[in-house]
**Student:** 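First the structure, then my questions, so here it is.
Source: prediction; values computed, not measured. All ligand and atom numbering here is 1-based and tracks the order in the structure.
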Amino acid sequence: MGTEATPKLPIIDFNNLNLEAKSPNWELVKSQVYKALVEYGCFEAVFDKVPLDLRKAIFASLQELFDLPLETKLLNVSKKPYHGYVGQYPMIPLFESMGIDDANILEKVDSMTNNLWPDGNQNFSKTIHSFSEELTELDQIIRKMILESLGVEKYLEEHMNSTNYLLRVMKYKGPQTSDTKLGLSTHSDKNVVTILYQNQVEGLEVMTKDGQWISYKPSSSGSFVAMIGDSIHAWSNGRLHSPFHRVMMSGNEARYSTGLFSIPKGGYIIKAPEELVDEEHPLLFRPYDHVEFLKYYYTEKGQRDQFAMRTYCGV
Ligand SMILES: O=C(O)CCC(=O)C(=O)O
Ligand SMILES: [Fe+2]
């Protein structure tokens, strides 16, 4: 038997990208992004555009938020599942999360903040908003690179306009044991692109196509994880992989993480462009509305279904 190397997520450097021109560097990074998303559905993005003080401030803000009394955290409500406060699930007791819809729009962040801190909390609002705003740029670079790689950039404007952003912030309590405990169950994301960021406590694991778990270890504090959701898997007619992932926790320290999710708007029909469907690539998913799909996904059956998208609209 040969010694198989432990699999590792590809690392892609997004610094010094010339966004205006189709520079050689843009083309190089684009080919790395496409290859990583076909093979892993996921990569580590080194993106120093988010300044160091903001990278530190975000975790201080998260701690301040999760330290609020439970009755205050419960004020973070949303009609959309998983966009408001969740926690104390019997199956995953370590996990707690809150959501900020349209976190790239200052007024929206302010209204969420004022709901939790009636006297206001400028510092919190500013941190969440600036952080989200910087990361929407990375989301848009990645999506532009995807459409260009697929040769369908003529849909770029429609594609970009078809989504909103949600910043979800998470806390995983340390299980106080050296054994590993489940922090967040195995799932694939349902949205377009997810950009994850975490404090110094590791725990994210991403499954390769052949079923091996990769334990993610950021190579710098300017490292983010970019991941594809099922909606781009469907839209790309299966070309891009949407990976299973989970969070495993050990030790005493709390893990704080953030996820910026680009999410298809309700009423928008996700449909693979005709350029991506031919005899060799028959249509894999019927056109669908993301919000309608979530109604199935959040049923008891849908929650147990690891291939919910296939069940819902697979051809
Ligand atoms: O906390 C993390 O790093 C992962 C969170 C995640 O997978 C999710 O929120 O969908
Ligand atoms: Fe996820």
**Student:** Which protein non-hydrogen atom lies closest to atom 6 (C) of ligand 1, naming both residue and atom, and how far is it?
**Tutor:**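 Closest protein heavy atom to atom 6 (C) of ligand 1: Leu184 CD2, 3.5 Å.
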**Student:** For ligand 1, which atoms have a heavy atom of Ser257 less than 4.0 angstrom away?
**Tutor:**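 Once the distances to Ser257 are compared, the set is 1 (O), 2 (C), 3 (O).
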**Student:** Side chains of Glu64 and Asn121: donor-acceptor distance under 3.5 Å anywhere?
**Tutor:**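 Indeed, the side chains of Glu64 and Asn121 share at least one donor-acceptor pair under 3.5 Å.
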**Student:** Go through ligand 1 atom by atom and flag the ones less than 4.0 Å from a non-hydrogen atom of Val247.
**Tutor:**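 Those atoms are 1 (O), 2 (C), 4 (C).
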**Student:** Do you know the tightest heavy-atom contact between Arg143 and Thr163?
**Tutor:**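 It is NH2-OG1, 2.9 Å.
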**Student:** Quick one: does ligand 1 sit under 4.0 Å from the side chain of Phe261, the backbone, both or neither, non-hydrogen atoms only?
**Tutor:**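 The answer is the side chain of Phe261.
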**Student:** Go through the steps to decide whether Phe307 and Phe244 satisfy the test ring-ring contact (aromatic ring centres under 6.0 Å, His included), and finish with yes or no.
**Tutor:** CA-CA 10 Å; Phe307 299 96; Phe244 285 126; 5.6 Å; yes
**Student:** Determine, considering heavy atoms only, which of His245, Lys171, Met227 sits nearest to atom 7 (O) of ligand 1.
**Tutor:**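 Checking each option, the heavy atom nearest atom 7 (O) of ligand 1 is found in His245.
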**Student:** Hey, is Val225 touching ligand 1 through its side chain, its backbone, both or neither, going by heavy atoms under 4.0 Å?
**Tutor:**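 Val225 to ligand 1: no contact under 4.0 Å from either part.
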**Student:** Of all heavy-atom pairs between Ser61 and Phe124, which one has the smallest distance, and what is that distance?
**Tutor:**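 Of all heavy-atom pairs spanning Ser61 and Phe124, the closest is O-CE1, 3.6 Å.
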**Student:** Quick one: do Tyr85 and Tyr256 end up in the same hydrophobic cluster if we chain Ile, Leu, Val, Met, Phe, Trp and Tyr together by side-chain heavy atoms under 4.5 Å apart?
**Tutor:**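 In one cluster with Tyr85: Tyr256, yes.
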**Student:** How wide is the angle at the Fe ion (ligand 2) spanned by Asp189 OD1 and His187 NE2, rounded to 10 degrees?
**Tutor:**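 Taking the Fe ion (ligand 2) as the apex, the two atoms subtend 90°.
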**Student:** Which atoms of ligand 1 sit under 4.0 Å from any heavy atom of Tyr172?
**Tutor:**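 What qualifies from ligand 1 is 1 (O), 2 (C), 4 (C), 5 (C).
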**Student:** Please find the pair of heavy atoms, one from Gln198 and one from Pro218, that lie closest to each other, and give the distance.
**Tutor:**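 So the two residues come closest at NE2-CG, 3.6 Å.
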**Student:** Taking the six-membered ring of Tyr297, is NZ or CZ of Lys190 closer than 6.0 Å to its centre and within 45° of its axis?
**Tutor:**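 Yes, a cation-pi geometry.
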**Student:** Applying ring-ring contact (aromatic ring centres under 6.0 Å, His included) to Phe131 and Phe59, what does each step give before you reach the verdict?
**Tutor:** CA-CA 11 Å; Phe131 182 77; Phe59 295 117; 7.7 Å; no
**Student:** Mind checking whether Tyr216 has a heavy atom under 4.0 Å from ligand 1?
**Tutor:**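 Outside the 4.0 Å threshold, so no.
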**Student:** What do we get for Asp189 next to ligand 1 when only non-hydrogen atoms under 4.0 Å count, side chain, backbone, both or neither?
**Tutor:**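 Only the side chain of Asp189 comes within reach of ligand 1.
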**Student:** With backbone taken as N, CA, C and O and side chain as the heavy atoms from C-beta onward, which portion of Arg255 lies under 4.0 Å from ligand 1: side chain, backbone, both, or neither?
**Tutor:**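 Within the 4.0 Å criterion, Arg255 contacts ligand 1 through side-chain atoms alone.
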**Student:** Just which atoms of ligand 1 are under 4.0 Å from any heavy atom in Arg168?
**Tutor:**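 Near Arg168, the atoms of ligand 1 are 8 (C), 9 (O), 10 (O).
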